[in-house]
2 protein chains.
Amino acid sequence: MSSEEVERVAQGTRELQLARGDVLFQRGDHCTGFHVVIHGNVKLALISPQGLEKVLEIIGPGQSFGEAVMFMGKPYPVYAQALTDSLVLHINKNVIVGGIESDPAFCQKMLAGLSIRLHRMIQNVESLSLRSSEQRVIDYLLHDLEEIKYGQDVHISLSANKNVIASNLNITPETFSRILHNLSDAGLIHVEGKDVCIKDVSKLRTYDK
Amino acid sequence: MSSEEVERVAQGTRELQLARGDVLFQRGDHCTGFHVVIHGNVKLALISPQGLEKVLEIIGPGQSFGEAVMFMGKPYPVYAQALTDSLVLHINKNVIVGGIESDPAFCQKMLAGLSIRLHRMIQNVESLSLRSSEQRVIDYLLHDLEEIKYGQDVHISLSANKNVIASNLNITPETFSRILHNLSDAGLIHVEGKDVCIKDVSKLRTYDK
DNA sequence: CTCTTGCCTTGACCGGAATCAAGTTGGCCA
DNA sequence: TGGCCAACTTGATTCCGGTCAAGGCAAGAG
């Protein structure tokens with residue numbers, strides 16, 4: 001971001017200090033801007049008519065959300081809740097509209113951001129449609145981990161409770177637990193609470209039961 | 001679209017006359033612009049490693065696709081194929097970039113368009129995650145049909161072959177066929193080839209087996 | 001007119017993941 | 001230290017939707 005952009009954005013920005021469990025907005029709320037997570041984690045989720053929750057995305061530090069809703073002028077189709085104590089920036093709609101009108105480069109950044117989000121949703125649908133629950137779990141573990149680390153243990157920490165991750169992967173907590181157990185039995189990973197150690201990345205990547 | 005926009009767009013535009021089955025682009029192809037369907041139908045689809053196809057979207061007249069890929073400068077994550085003989089416009093990337101730089105209103109239209117697509121994908125995930133196959137079929141039949149037409153038969157025509165629609169709804173052709181059969185037995189619809197007659201919209205909307 | 005071909009339907013069976021129902025475990029507070 | 005609660009695990013069972021296999025049917029070709 002250029003200093004010019006920082007200045008412009010700063011005028012219509014609020015810092016939101018959230019405690020774990022705080023709801024940022026409900027489905028159906030009117031949208032007045034978009035959000036950026038500074039630290040912590042926020043989930044975007046839906047509630048089905050039967051009261052079941054589906055976690056669409058887990059938003060981490062540096063990621064933004066709600067831009068699309070802002071541009072459509074529709075109410076939020078999801079609700080947002082802090083998974084941990086979090087600091088979130090709220091950028092006002094009029095700031096963005098002003099930025100678009102005065103700065104084509106800024107506009108292109110917004111377009112690029114939206115495009116990335118759309119692309120992520122396509123990948124989301126792809127994995128829901130074409131991959132088994134076990135494959136989805138493996139994909140999740142290998143997520144943003146493309147550097148080749150042959151022969152090295154890779155330690156990762158789950159960014160949320162397992163029931164939240166399970167919902168995001170579209171499986172039940174029971175199934176999630178069983179799959180982690182299977183992968184452990186196969187010697188591919190080692191699980192201890194929220195800490196997962198991948199014993200063999202390349203074997204996990206090609207694992208097919 | 002203003003006449004100014006039409007003029008600008010016209011310079012970098014090609015008309016593509018497609019026969020049924022023609023492939024517009026493959027997954028992985030380099031993206032040089034985006035497309036608008038004038039008439040006919042085009043499907044966007046993925047192929048799984050196992051060779052299974054998943055239809056992501058069926059694009060009809062007046063709808064566009066490929067904008068997001070264009071803005072990201074990445075290869076296509078899906079492939080596009082004409083479902084019927086179709087006329088498709090290809091608008092060149094540089095035309096759009098020029099438009100954005102010179103016209104904030106144009107830029108906002110692109111943002112709005114992308115936002116709508118993202119919103120659609122969210123609904124897509126919602127129905128995959130939270131609804132049964134039968135509910136998805138019902139949703140499809142009631143799709144863009146919000147006017148209240150109590151007591152009237154509503155006739156719709158399936159825009160593609162049933163196996164394509166089934167794939168789009170993430171079910172097998174067999175399941176699709178069985179569900180239509182069930183709804184017929186329940187007296188809610190009447191099916192004859194691609195023509196479906198909804199006998200009771202409000203009952204279908206609230207139908208729960 | 002009959003043969004092929006693509007599209008759809010129907011039936012029998014199977015299996016992956018959900019559901020239901022108990023346990024465990026660990027952190028936290030009294 | 002003990003009790004409590006949330007998070008997670010484990011087992012038994014069920015069921016939705018997929019798979020496999022066998023037709024049916026209409027349209028176009030020869």
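First the proteins, then the strands, lettered A, B, ... as listed; each starts at 1.
Rounded to an integer number of Å, the gap from NZ of A/K54 to P of C/dA18 is 11 Å. Atom CD in B/Q135 sits about 12 Å away from atom P in D/dC16, given to the nearest Å. If you take CD1 of B/I171 and C1' of C/dT9, they are 14 Å apart, rounded to a whole angstrom. One can place CG of A/N182 at 11 Å from P of C/dA17, the figure rounded to the nearest angstrom. Protein atom CD of B/E192 is 10 Å distant from nucleotide atom P of D/dA26, rounded to whole Å. Computed from coordinates, the B/E134 CD to D/dG18 C1' distance equals 17 Å when rounded to whole Å. Put simply, CG on A/L158 is 13 Å from C1' on D/dA7, counting in whole angstrom units. Put simply, CG on A/L52 is 11 Å from P on C/dC20, counting in whole angstrom units.
In this structure a side-chain-to-backbone donor-acceptor pair under 3.5 Å is missing from A/R27 to A/L46.
Between B/N161 and C/dC7 there is a side-chain polar atom (N or O) within less than 4.0 angstrom of OP1 or OP2. Regarding contacts with the backbone of D/dG17, every side-chain N or O of B/T172 stays at 4.0 angstrom or more from both OP1 and OP2.
For the atom pair B/S133 OG and B/L128 CG, the distance stands at 11.5 Å (nearest 0.5 Å).
With a 6.0 Å radius and a threshold of 12 heavy atoms from other residues, nucleotides or ligands, B/K203 has its NZ atom at or below the threshold. A 6.0 Å sphere centred on CD of A/E15 holds no more than 12 heavy atoms belonging to other residues, nucleotides or ligands.
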Distances for protein N/O vs nucleotides 9-14 of chain D N/O pairs under 3.5 angstrom?
from, atom 1, to, atom 2, distance (Å)
D/dT9, OP1, A/K162, NZ, 3.2
D/dT9, OP2, A/S177, OG, 3.0
D/dT9, O5', A/S177, OG, 3.1
D/dT10, OP2, A/H181, ND1, 2.7
D/dG11, N7, A/R178, NH1, 2.8
D/dG11, O6, A/R178, NH2, 3.3

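By the 4.0 Å N-to-carboxylate-O rule, B/R20 lies too far from B/D85 to be salt-bridged with it.
Contacts of residues 39-48 of chain A with DNA chain D (heavy atom under 4.0 Å): none.
When each of B/R117, B/K43, B/Q63 is paired with B/E57, the side chain to side chain donor-acceptor pair (under 3.5 Å) condition holds for B/R117 and for no other.
With sequence neighbours excluded, the residues forming a ring-ring contact (aromatic ring centres under 6.0 Å, His included) with B/H90 are B/H35, listed by chain and number.
Nearest-nucleotide positions on DNA chain C place B/R20 closer to the 5' end than the other of A/R136 and B/R20.
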